[in-house]
Amino acid sequence: MGNNERMTEYERRRLENIKRNDEMLAALKIHSKLNDLSAVAAKRQRVEGKSYKRSPVKKPKTESPVVLRRSLRTRGVPPDAATAKGLSDDIDYEKQIKKTPQLNSYSVDRKSPREQGPLAMRDAYTGDDGLDQKLIETLSCSQKSILSEGDTVPCESIDNLEKSEDFETFKGRKMLLGAVNVDKLQLKSENIARLVPGRIMSLKFFPTLDMQMVVVGNKFGDIGFWNVNGMKDDGDGIYLFHPHSGPISGIVIDPYSITKMYSSCYDGFVRLMDVEKEVFDMVYCSEYTVYSMSLSPHNIKSLYFSEGKGGVNMWDVRAGKSLLSCDLHEDRINTIDFNPENENVFVTSSTDGTACIWDLRRMNADKPTPLMTVSHKRAVHSAYFSPTGKFLATTSIDDKVGLSSGANYENTSMVYHYNQTGRWISTFRGIWGWDDSSIYIGNMKRGVDVISVPGNRIVATLESDLLSAIPCRFDVHLYNVGMLAGATSGGQGNVFPRELMCFQDSGLNFRIGIVDST
DNA sequence: TTGGACTTTAAATAT
DNA sequence: ATATTTCCAAGTCCAA
């Protein structure tokens with residue numbers, strides 16, 4: 001029954017795709033006849049205009065590598081088969097890269113990110129000489145404008161806001177609440193750039209008032225920064241580093257100190273980019289695949305990341321030890337997210353087909369029971385609390401986006417959304433906008449669907465001819481309401497870069513909400 | 001129950 | 001233009 005339904009849906013999509021491709025081809029022919037600057041030419045030119053560069057020269061190492069012994073796994077469980085396979089694949093893949101002639105940029109002789117211990121930012125930097133210092137400078141300067149808890153900031157210091165009111169920072173998730181008019185979200189050519197080669201796995205905005213900086217992590221362990229509206233003296237404002245050896249599963253920025261950024265990797269490493277020390281410090285390392293990571297906004301000393309088949313490790317960053325490690329799911333955990341309202345509550349989404357809400361006070365190493373479980377028919381790829389914490393949005397490959405509400409999130413409704421991304425496209429994840437009203441999620445037609453929460457359906461789709469591929473990872477700028485970053489994905493990923501784009505609200509058509517920290 | 005073989009998918013590259 | 005390659009998901013089917 002369900003199979004037949006899926007087949008029918010699949011056939012329908014297939015026919016639609018064929019039709020769309022035909023139409024597109026036809027349209028392109030007409031355009032090129034009408035205009036010398038055809039849509040495609042303009043697009044290609046634009047995309048190639050702003051992109052990362054790798055420095056062709058080898059840089060001398062800052063220090064000789066120190067090989068340390070791998071610490072033994074704290075948990076007495078052997079790595080699961082999937083993880084072991086992943087790791088061996090990883091090694092094979094690195095070998096493959098090194099013997100492929102056109103991939104020389106990857107075989108640059110530098111300290112391997114898989115070695116333990118800190119990695120100097122200078123050594124991990126792979127762009128034009130000197131510009132890494134510019135990034136360090138930019139982040140250090142911007143740090144001064146970071147809000148502290150309870151700060152009140154005059155609105156004129158923020159772009160795109162109505163100038164009459166002040167706003168306060170929200171205790172849990174420091175964020176400006178606002179409704180955007182999605183019709184005004186536009187993708188501009190100057191807001192497209194190629195940041196990293198390969199598939200983008202993670203994407204985050206820096207939570208700053210004075211700039212729009214995005215950071216992405218890709219499949220190869222590269223991390224790319226983009227100062228979207230940067231100054232002229234930092235080139236394109238794009239900086240490329242190589243601090244990891246595999247897919248970067250999570251990026252987390254300390255909301256109170258943007259000079260500290262955590263990154264997690266499938267290779268089992270968690271690093272902390274410390275701009276003050278100018279290193280990618282090693283926080284954690286194991287033989288297990290780290291599939292996701294989250295920082296509690298209520299307690300930034302604790303870092304949470306998932307390990308292997310359903311495990312979660314709660315790591316005390318300052319003490320450098322595990323607070324608690326337990327198995328929460330039957331399969332890999334794809335996301336971890338904290339409730340902005342209740343500091344003890346967090347949610348995990350898993351390939352085992354469930355999203356579970358947990359209470360930190362009721363955790364134990366043996367058999368913790370979730371406060372609530374949202375069940376899907378297939379793997380759940382994300383579960384995120386809304387900005388106020390009143391809703392939960394889950395995205396599953398069963399072609400549903402779940403919306404849960406109620407005191408215990410016991411009321412769940414499912415919105416249909418086609419999520420069959422296949423193998424080459426990263427999974428879709430519905431993320432929250434700037435208030436509890438809407439969810440943004442990529443679609444297979446190179447668009448961004450906007451799901452209305454009260455409407456319980458897709459109410460708009462953001463589209464642009466400038467968008468050259470399917471967008472699948474997003475983040476919203478916390479203080480620049482109406483600025484949505486998206487990363488495209490998919491395809492082969494050895495030498496060609498992937499692009500990142502920002503939809504931006506061109507107008508002032510939104511309101512400011514002030515949230516009480518109760 | 002588990003594990004291997006096979007399939008699906010989009011987009012850049014190679015031909 | 002067309003064919004090939006990617007390969008860190010996740011399903012199905014089938015044999016052990």
Side-chain angles (χ1 to χ4, degrees), chain A residues 2-4 6-7 9-11 13-14 16-18 20-21 24-25 28-29 40 43-44 47-48 51 79-97 100-103 194 197-202 217-221 244-250 264-269 287-292 306 308-309 330-332 334 349-353 376-382 395-399 418-429 442-447 467-472 487-499:
Chain A
N3 255 348
N4 285 340
R6 268 203 292 279
M7 284 301 289
E9 174 60 25
Y10 170 70
E11 283 300 328
R13 290 278 163 182
R14 192 188 174 93
E16 258 179 31
N17 277 341
I18 292 165
R20 185 167 53 91
N21 286 341
M24 235 172 66
L25 283 172
L28 290 178
K29 274 174 194 162
V40 167
K43 188 204 303 180
R44 296 238 181 254
V47 167
E48 279 157 15
S51 90
D80 59 85
T83 306
K85 188 174 175 290
L87 285 170
S88 62
D89 280 356
D90 185 26
I91 291 155
D92 290 342
Y93 194 51
E94 294 260 331
K95 275 182 195 162
Q96 235 179 15
I97 284 167
T100 313
Q102 68 264 41
L103 300 176
R194 297 192 167 198
R199 182 192 299 188
I200 290 171
M201 313 280 290
S202 316
N218 73 356
K219 219 173 45 176
F220 304 120
H244 287 281
S245 69
I248 291 170
S249 51
S264 64
C265 182
Y266 277 26
D267 70 3
F269 278 62
E287 297 291 343
Y288 289 80
T289 308
V290 178
Y291 283 112
S292 53
S306 68
K309 221 175 173 181
E330 301 297 313
D331 214 327
R332 57 182 277 181
N334 298 305
S349 67
S350 169
T351 297
D352 71 7
H376 280 269
K377 290 192 182 72
R378 290 165 71 187
V380 186
H381 283 127
S382 69
T395 306
S396 167
I397 203 166
D398 72 357
D399 290 338
Y418 185 77
N419 292 330
Q420 303 306 306
T421 47
R423 184 177 187 173
W424 313 122
I425 305 298
S426 291
T427 52
F428 290 148
R429 294 175 174 177
N443 68 32
M444 293 298 275
K445 294 177 178 175
R446 298 181 178 180
L467 200 49
S468 66
I470 293 166
C472 45
T488 62
S489 170
Q492 172 187 3
N494 278 344
V495 281
F496 61 85
R498 303 303 318 158
E499 68 186 33

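In what follows, chains carry the letters A, B, and so on, assigned in the order in which the sequence lines appear, proteins first and then strands, with residues in each chain numbered from 1.
Closest to the A:Tyr266 side chain, of the nucleotides C:dG11, B:dA10, C:dC8, is C:dC8. The listed nucleotides are C:dC7, C:dA9, B:dA10; the one nearest the side chain of A:Tyr291 is C:dA9. Taking every side-chain heavy atom of A:Ile470 into account, B:dA11 is the closest of B:dA11, C:dT6, C:dG11. For A:Met201, taking side-chain heavy atoms from C-beta onward, the closest of the listed nucleotides C:dA9, C:dG11, B:dA10 is C:dA9. Comparing C:dA10, C:dA9, B:dA11 by their closest approach to the side chain of A:Thr351 singles out C:dA10.
Here the straight-line distance linking atom CZ of A:Phe428 with atom CG of A:Asn443 works out to 6.0 Å at 0.5 Å rounding.
B:dA10 is paired with C:dT6 under the Watson-Crick or G-U wobble criterion, all donor-acceptor distances under 3.5 Å.
For B:dA11, the OP1/OP2 oxygens have no side-chain nitrogen or oxygen of A:Arg199 closer than 4.0 Å. For C:dG11, one of the phosphate oxygens OP1 or OP2 lies less than 4.0 angstrom from a side-chain nitrogen or oxygen of A:Arg378. Between C:dT6 and A:Lys219, no contact under 4.0 Å exists linking OP1 or OP2 to a side-chain N or O. Between A:Thr421 and C:dA9 there is no side-chain polar atom (N or O) within less than 4.0 angstrom of OP1 or OP2.
Side-chain atoms of A:Arg199 do not come within 3.5 Å of backbone N or O of A:Pro247 as any donor-acceptor pair.
Where stacking is scored as ring centres under 5.5 Å apart with planes under 30°, A:Trp424 registers as stacked on the base of C:dT6.
Within the 4.5 Å cutoff, side-chain heavy atoms of A:Asn334 are placed close to those of A:Thr351. Between A:Thr488 and A:Ser468 the shortest side-chain heavy-atom distance does not fall below 4.5 Å.
Between the C1' atom of C:dA9 and the CZ atom of A:Arg332 lies a distance of 7 Å, rounded to the nearest Å. The distance between atom NZ of A:Lys309 and atom P of B:dT2, rounded to the nearest whole Å, is 7 Å. If you measure from atom CD1 of A:Ile200 to atom P of B:dA11, you get 14 Å, rounded to the nearest angstrom. Separating the CD1 atom of A:Ile248 from the C1' atom of C:dC8 is a distance of 13 Å, rounded to the nearest angstrom. Across the protein-nucleic acid pair, A:Tyr418 atom OH and B:dT8 atom C1' stand 9 Å apart, rounded to whole Å. As a whole-Å value, the separation of A:Gln420 CD from C:dA10 C1' is 9 Å.
Under the side-chain hydrogen bond (donor to acceptor under 3.5 Å, both in side chains) test applied with A:Ser306, the options A:Ser264, A:Ser350, A:Ser292 reduce to a single match, A:Ser292.
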